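Here, residue 1 is the first one in the sequence, and each next residue gets the next number. As the structure is a prediction and not an experimental result, all values here were calculated from the model.
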Amino acid sequence: MPTSTTPTRQPLSADRVLDAAVRRADRSGMESFTIRRLADELGVKPMTIYHHVPNKEAIIDGMVDRVFAEIDLPPPDEHWKAAMRRKCTSARQVLLRHPWAPPLMESRTNPGPATLLHHDTVLGCLRRGGLSYELIAHAGAVLDSYVYGFTMQETHLPFGGSEQIGELAEAIIGAMPVDEYPNMVAFTVNHVLKPGYSFSSSFEFGLDVLLDGLEAAAAGVQPS
């Protein structure tokens with residue numbers, strides 16, 4: 001005679017808390033993130049969470065560390081430029097999945113193991129490429145600022161695909177005094193409204209400009 005079984009509830013753990021925190025932030029952002037709402041997500045009382053993670057700041061530290069863990073590390077067997085390009089491209093994709101994360105990525109004072117491994121590997125990659133420590137500092141600041149900033153801008157654009165941007169651009173042009181803004185009109189008509197335009201395509205162009213500039217600086221080439 002078959003017996004019915006009641007599914008056992010998975011016990012709460014630090015991993016479950018952090019997984020739920022990331023899911024909630026992905027869905028609703030950090031502005032509305034509270035321990036009470038996280039507890040509702042987990043189906044537990046708020047104080048239960050503190051048996052596994054000591055406080056909200058520790059939860060945020062763990063969330064950021066999870067995001068860093070998703071980013072591809074620069075491969076040790078590739079040229080440093082190609083390795084950093086892969087890392088930055090991966091970071092953009094990860095941050096598009098977690099749009100709440102960019103403002104927090106470099107703000108934590110208690111970085112976790114994935115965060116530390118990420119930064120240590122990046123430093124090793126740049127040093128292997130022959131960059132001085134001074135240039136490595138510039139490279140880290142410039143590349144991180146570019147990736148975080150581009151991703152934040154990308155996630156806050158008021159349009160999705162090329163069809164939406166075309167409709168928006170036409171609406172904006174239609175509502176403005178054309179004679180007063182001739183350069184905006186010319187740019188929109190001759191570029192934005194052309195088939196295949198994508199704001200996102202500028203990411204790799206800009207990334208390559210930065211990496212080429214760092215390579216030239218490492219070689220002692222003065223910019224023209």
Side-chain angles (χ1 to χ4, degrees), residues 2-73 86-122 140-141 143-165 167-168 198-200 203:
T3 58
S4 60
T5 59
T6 302
T8 58
R9 187 172 180 178
Q10 186 179 2
L12 196 62
S13 65
D15 283 339
R16 276 197 66 205
V17 170
L18 296 176
D19 287 344
V22 170
R23 285 197 307 271
R24 180 160 192 91
D26 288 346
R27 197 167 61 243
S28 306
M30 292 299 292
E31 293 80 5
S32 62
F33 186 89
T34 64
I35 297 300
R36 182 171 297 281
R37 286 172 175 157
L38 176 58
D40 290 342
E41 180 95 9
L42 289 161
V44 300
K45 295 184 180 300
M47 289 305 297
T48 307
I49 290 175
Y50 295 126
H51 295 158
H52 303 277
V53 186
N55 51 52
K56 184 177 178 180
E57 288 302 305
I59 291 172
I60 297 174
D61 288 340
M63 293 166 67
V64 169
D65 203 54
R66 268 167 156 63
V67 174
F68 269 111
E70 292 182 32
I71 299 173
D72 292 343
L73 296 174
R86 182 183 297 197
K87 192 280 293 190
C88 291
T89 301
S90 172
R92 171 175 168 257
Q93 294 301 324
V94 169
L95 296 177
L96 288 175
R97 294 198 296 269
H98 307 296
W100 52 270
L104 298 172
M105 296 294 280
E106 305 301 331
S107 70
R108 312 314 298 165
T109 57
N110 293 297
T115 305
L116 293 172
L117 177 62
H118 174 96
H119 289 310
D120 189 76
T121 307
V122 167
L143 290 172
D144 285 347
S145 297
Y146 177 70
V147 173
Y148 299 152
F150 193 99
T151 307
M152 289 177 67
Q153 187 174 7
E154 197 172 8
T155 56
H156 288 85
L157 290 172
F159 53 81
S162 57
E163 182 177 342
Q164 286 185 326
I165 191 176
E167 294 173 354
L168 178 63
S198 169
F199 174 84
S200 299
F203 177 81

Taking all non-hydrogen atoms of both residues into account, name the closest pair between [X] and [Y] and its distance.
X: Leu12; Y: His52; value: O-CE1, 3.1 Å
X: Leu42; Y: Ala20; value: CD2-CB, 3.5 Å
X: Arg37; Y: Ser32; value: NH1-O, 2.8 Å
X: Asp26; Y: Arg97; value: OD1-O, 3.5 Å
X: Thr155; Y: Pro99; value: CG2-CB, 4.0 Å
X: Arg16; Y: Pro11; value: CD-O, 3.3 Å

**Message:** Other residues, nucleotides and ligands only: do more than 12 of their heavy atoms fall within 6.0 Å of CZ on Arg27?
**Reply:**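 Yes, CZ of Arg27 has more than 12 neighbouring heavy atoms, counting only those of other groups under 6.0 Å.
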
**Message:** Counting neighbours of CZ on Arg108 that are heavy atoms of other residues, nucleotides or ligands and sit closer than 6.0 Å, is the number greater than 12?
**Reply:**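 Enclosed.
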
Restricting to ring pair (Phe, Tyr, Trp, His ring centres under 6.0 Å), what partner residues turn up for [X], sequence neighbours left out?
X: His119; result: Phe68
X: Phe33; result: none
X: Tyr148; result: none

**Prompt:** Got a sec, which residues hit side chain to side chain donor-acceptor pair (under 3.5 Å) with Asn55, two or more places apart in sequence or on another chain?
**Reply:**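 Partners of Asn55 by the side chain to side chain donor-acceptor pair (under 3.5 Å) criterion come out as none, since no residue qualifies.
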
To the nearest 0.5 Å, tell me how far [X] [atom1] sits from [Y] [atom2].
X: Asn110; Y: Asp61; atom1: CG; atom2: CG; answer: 5.0 Å
X: His118; Y: Asp72; atom1: NE2; atom2: CG; answer: 10.5 Å
X: Thr121; Y: Lys87; atom1: OG1; atom2: NZ; answer: 10.5 Å
X: Ile49; Y: Glu41; atom1: CD1; atom2: CD; answer: 10.0 Å
X: Leu96; Y: Met152; atom1: CG; atom2: CE; answer: 12.5 Å
X: Ile71; Y: Gln93; atom1: CD1; atom2: CD; answer: 11.5 Å

Quick one, [X] and [Y] - any side-chain contact, counting heavy atoms below 4.5 Å?
X: Pro113; Y: Leu116; result: no
X: Ser200; Y: Arg92; result: yes
X: Trp100; Y: Val67; result: yes

**Prompt:** Tell me the salt bridge (charged side-chain N to carboxylate O under 4.0 Å, His left out) pairs involving residues 111-121, sequence neighbours left out?
**Reply:**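 Salt bridge (charged side-chain N to carboxylate O under 4.0 Å, His left out) check on residues 111-121 returns no pairs.
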
**Item:** Met105 vs Asp144, side-chain contact (heavy atoms from CB on, under 4.5 Å): CA-CA, chis, key distance, verdict
**Value:** CA-CA 9 Å; Met105 296 294 280; Asp144 285 347; over 6 Å; no

**Message:** Ring-plane angle category for Phe199 and Phe150, please: parallel below 30°, perpendicular beyond 60°, tilted otherwise.
**Reply:**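 The rings of Phe199 and Phe150 lie parallel, inter-plane angle below 30°.
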
**Asked** Please walk me through it: do Met63 and Leu104 pass side-chain contact (heavy atoms from CB on, under 4.5 Å)?
**Response** CA-CA 10 Å; Met63 293 166 67; Leu104 298 172; over 6 Å; no

**Request:** Identify, with sequence neighbours excluded, every residue that meets side-chain contact (heavy atoms from CB on, under 4.5 Å) alongside Leu18.
**Result:**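 With sequence neighbours excluded, Leu18 shows a side-chain contact (heavy atoms from CB on, under 4.5 Å) to Ile59, Arg66, given in chain and number order.
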
**Item:** Donor-acceptor contact below 3.5 Å, side chain Thr151 vs main chain Val147
**Value:**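 Yes; judged by distance alone, with no hydrogens or angles, the pair exists.
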
**Prompt:** Counting N and O atoms only, with roles assigned by atom type, does the side chain of Tyr50 sit under 3.5 Å from a partner on the main chain of Lys56, one being a donor and the other an acceptor?
**Reply:**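 No, because the side chain of Tyr50 does not come within donor-acceptor range (under 3.5 Å) of the backbone of Lys56.
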
